[in-house]
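Sending over a structure as structure tokens; questions will come in a sec.
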Amino acid sequence: MGRYLNPGAGMYKEALNSKIYVDKSPIISYTNESIGTRQKYMCVSRPRRFGKSMTAEMLTAYYDKTADSEEIFQKLKIGKIPDGLKFCNKFDVIKLNMQEFLSRTNEINSMIERIKFVILRDIESAYPDINYLDHSDLIDTLYDVYKAVDRQFIFIIDEWDCIFREYKNDTLAQTKYLDFLRDLFKDKEYVGLVYMTGILPIKKYGTNSALNMFTEFSMENSGPLAQFIGFTETEVQELCTEYHFDFEECKAWYNGYYFPQCGAIYNPNSIVKAILLQRFDDYWNQTETYDALRIYIDMNFDGLKDSIIKLMAGERQVINTGSFQNDMTNFSNADDVMTLLIHLGYLGYDIDTKEVFIPNNEIMQEFVTATTAKNSWDEVMNSVKKSDELLNATWNLDNGKVANYIENAHFETSHLQYNDENALSYTISLAYYSARQYYTVIRELPAGKGFADLAFIPRKKYSDKPAMIVELKWDKSQNTAINQIKNNEYPEVLSEYKDNLLLVGINYDKKTKNHECRIDKV
């Protein structure tokens, strides 16, 4: 057992001993199938605190021939899968955390030389009797061991992309690093599997990648590994049942990432923290400050600011992810910025519709903090500050105050295109920001003989709050809006709230530029 060659199962055992552990071992079935095939190069990228390092530790413990971990994996899900243990403790594993090497060196050449040095030291310690061609050449040494023992190496690379995050503008260093990885892995017979994990997908050069042999699994397209990116909804439900935690509130706070292959995905760190501390809160800001987000949403690209405001209003935005260069500096348009935010976890992505969205209340708080901390986002700051007053005015059936608050919110966002009911809904949704603390907000809710523009459904914890149906009109009247709600029988879909239901009709008069409101209590 060495430090980097065959480091053992110690770190993984620590994870297993933790109070909350979710078994993700079936991912090993996929990596087993990839060993010794053209699919043996895998790059799995996901945001901070999504369990990247734990997966790396698990794979290390499984494959490491010195770990003696078969008994551990027999008890896990992989042990119940046919042939799930066929490669358990059968390989030499080289595990590297690139952040460690970057932190201990001050430039790329020193980093690469240190990586070579520590691997060579471990190899020669483990195999002292091999006749090495060149003791100083890592690739030759790996070939020598492979030919001598007839056993390929498994490479587990954690934080593979740290140089692109910390040396954002040093293209020379990035090129040297990618060349080092390409030379080490590409077309090398001694490679059985390379599993790399980080936040960013593999860096592109123009339209090509220096590591084009890798299959990528990312927040944009996770493919068959979707269920291993984070906690599935079933896993979160099971945890909430076990620890007597409110699943509905958990879902309201942390649900939102979505992959067609498995449905909803949750950030493991947020779920674990919330359950252990028995408190719903924004745990994202414990891993990264809001400045990290603000840097990108403040960038000067046409349409970016409007898109962010629409997303904060609960809308979705179609984007083109194709021009993103998989780094943190080269942006050519607003879509590139939003594509980066997908990989950082600040935006969810629907691969079928090509739409981005803010995934949940936790991430929404990050956007609110980032935008209300700077004057350039006055329209958001003012709407959010007044949203409590607007909500209270609605509950108090104060038609005049509600119309006034909506009108002010309209002027705050007047740079947005404001020419139909859909655009009006952006203003309304953002103005009612505070309502998300108490309600599940649904746009275009199927109801009665049509679709309600906005429905505010109280979460179980706040069942004392009134449900609300909001209908928006453009150049008609607030009475028309209320009549549509009643005539089309929208309240029927919320019949369980029939004794505590508000009908809210809002109209915008294009000539007078005034907003009118009528609130009826059912």
Side-chain angles (χ1 to χ4, degrees), residues 1-13 25 27-44 55-74 76 78-79 81-98 115-158 160 180-197 211 213-215:
M1 183 184 294
R3 185 173 178 182
Y4 302 97
L5 173 67
N6 299 327
M11 294 300 294
Y12 184 55
K13 288 179 181 178
S25 62
I27 192 177
I28 295 171
S29 286
Y30 190 87
T31 56
N32 280 350
E33 291 172 3
S34 303
I35 290 175
T37 72
R38 295 290 182 178
Q39 288 71 50
K40 64 184 178 181
Y41 303 101
M42 305 171 60
C43 182
V44 183
T55 302
E57 291 160 2
M58 178 179 68
L59 294 175
T60 301
Y62 176 86
Y63 290 114
D64 184 344
K65 71 183 183 67
T66 71
D68 192 22
S69 58
E70 184 169 341
E71 185 177 350
I72 292 174
F73 288 97
Q74 281 178 341
L76 298 177
I78 187 63
I81 297 174
D83 289 331
L85 301 178
K86 67 177 179 177
F87 289 138
C88 189
N89 306 139
K90 294 294 192 293
F91 287 91
D92 281 312
V93 175
I94 294 175
K95 181 178 183 294
L96 305 172
N97 185 322
M98 292 304 189
I115 292 171
K116 292 178 179 179
F117 173 77
V118 299
I119 297 175
L120 285 169
R121 187 193 63 172
D122 275 6
I123 288 177
E124 293 195 11
S125 176
Y127 295 102
D129 299 327
I130 290 177
N131 183 22
Y132 294 105
L133 175 66
D134 183 350
H135 289 265
S136 64
D137 189 288
L138 177 58
I139 292 174
D140 280 346
T141 297
L142 291 168
Y143 265 121
D144 290 339
V145 173
Y146 167 64
K147 294 298 183 181
V149 302
D150 192 26
R151 182 170 52 243
Q152 292 176 308
F153 288 87
I154 303 288
F155 293 85
I156 310 294
I157 311 296
D158 199 8
W160 90 271
F180 165 67
L181 294 179
R182 181 193 59 210
D183 293 342
L184 182 61
F185 298 138
K186 191 168 186 177
D187 299 327
K188 297 302 189 291
E189 195 178 1
Y190 57 73
V191 173
L193 175 76
V194 182
Y195 181 94
M196 295 201 314
T197 184
L211 301 176
M213 67 283 199
F214 277 84
T215 301

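Nothing fancy with the numbering, it's 1 onward along the sequence. Source: prediction; values computed, not measured.
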What I'd like to find out is whether the side chain of L211 reaches to under 4.5 Å of the side chain of Y41, using heavy atoms alone.
no
Parallel under 30°, tilted from 30 to 60°, perpendicular over 60°: which one fits the rings of Y190 and F155?
tilted
Please tell me whether T31 and Y63 have a donor and an acceptor in their side chains that are separated by less than 3.5 angstrom.
yes
When rounded to the nearest 0.5 angstrom, what distance separates CE in M58 from OG in S69?
11.0 Å
Give a yes or no on whether the backbone of R121 and the side-chain of S125 come within a donor-acceptor separation of less than 3.5 Å.
no
L142 vs L184, side chain to side chain contact (heavy atoms under 4.5 Å, CB included): CA-CA, chis, key distance, verdict
CA-CA 9 Å; L142 291 168; L184 182 61; 3.8 Å; yes
Applying side chain to side chain contact (heavy atoms under 4.5 Å, CB included), run through L96 and I115 and close with a yes or a no.
CA-CA 8 Å; L96 305 172; I115 292 171; 3.9 Å; yes
Using 0.5 Å steps for rounding, measure from the NZ atom of K40 to the CG atom of L193.
9.0 Å
Quick one: OH on Y146 to CD on E189, what's the gap to the nearest 0.5 Å?
3.5 Å
Between E70 and C88, the two heavy atoms sitting closest are CA-SG, 3.6 Å
For Y12 and F73, run ring pair (Phe, Tyr, Trp, His ring centres under 6.0 Å): C-alpha distance rounded to whole Å, both residues' side-chain angles, the deciding distance at 0.1 Å, then the answer.
CA-CA 11 Å; Y12 184 55; F73 288 97; 5.6 Å; yes
Determine the minimum heavy-atom distance between A61 and N89, stating which atoms define it.
O-ND2, 3.5 Å
Can you measure from CG (L120) to CG (D134) and round to the nearest 0.5 angstrom?
9.0 Å
State, to 0.1 Å, how close D64 and G8 come at their nearest heavy-atom pair, and which atoms those are.
OD2-N, 2.6 Å
Taking C-beta and beyond as the side chain, do Y132 and V145 meet within less than 4.5 Å on heavy atoms?
yes
I119 vs I94 side-chain heavy atoms within contact, under 4.5 Å:
yes
Hey, does the side chain of D140 reach the backbone of L133 with a donor-acceptor pair shorter than 3.5 angstrom?
no
Taking the side chain as every heavy atom from C-beta outward, state whether R151 and D92 have any pair of such atoms under 4.5 Å apart.
yes
Residue pair T60 / P7: nearest heavy atoms and the distance that separates them:
CG2-CG, 3.6 Å
From CD1 (I27) to CG (N32), nearest 0.5 Å:
11.0 Å
Please name the pair of heavy atoms, one in I78 and one in S29, separated by the smallest distance, quoted to 0.1 Å.
CD1-OG, 3.3 Å
Show, in sequence, the C-alpha distance, side-chain angles and deciding distance for I35 and I154, and conclude whether the side chain to side chain contact (heavy atoms under 4.5 Å, CB included) test is met.
CA-CA 9 Å; I35 290 175; I154 303 288; 4.1 Å; yes
For atom CG of D183, decide whether the heavy atoms of other residues, nucleotides or ligands shown that lie under 6.0 angstrom number more than 12.
yes
With side chains defined as the heavy atoms from C-beta onward, is the minimum distance between E57 and I156 less than 4.5 Å?
no
Separation of L181 CG from M196 CE (nearest 0.5 Å)
6.0 Å
Under the side chain to side chain contact (heavy atoms under 4.5 Å, CB included) rule, what do K188 and F153 come out as? Steps first, then yes or no, please.
CA-CA 10 Å; K188 297 302 189 291; F153 288 87; over 6 Å; no
Heavy atoms of G84 and Y62 approach each other most closely as O-OH, 2.6 Å
Can you tell if the side chain of N6 reaches within under 4.5 Å of the side chain of K65, non-hydrogen atoms only?
yes
If you define the side chain from C-beta out and look only at heavy atoms, does anything of V93 sit under 4.5 Å from L59?
no
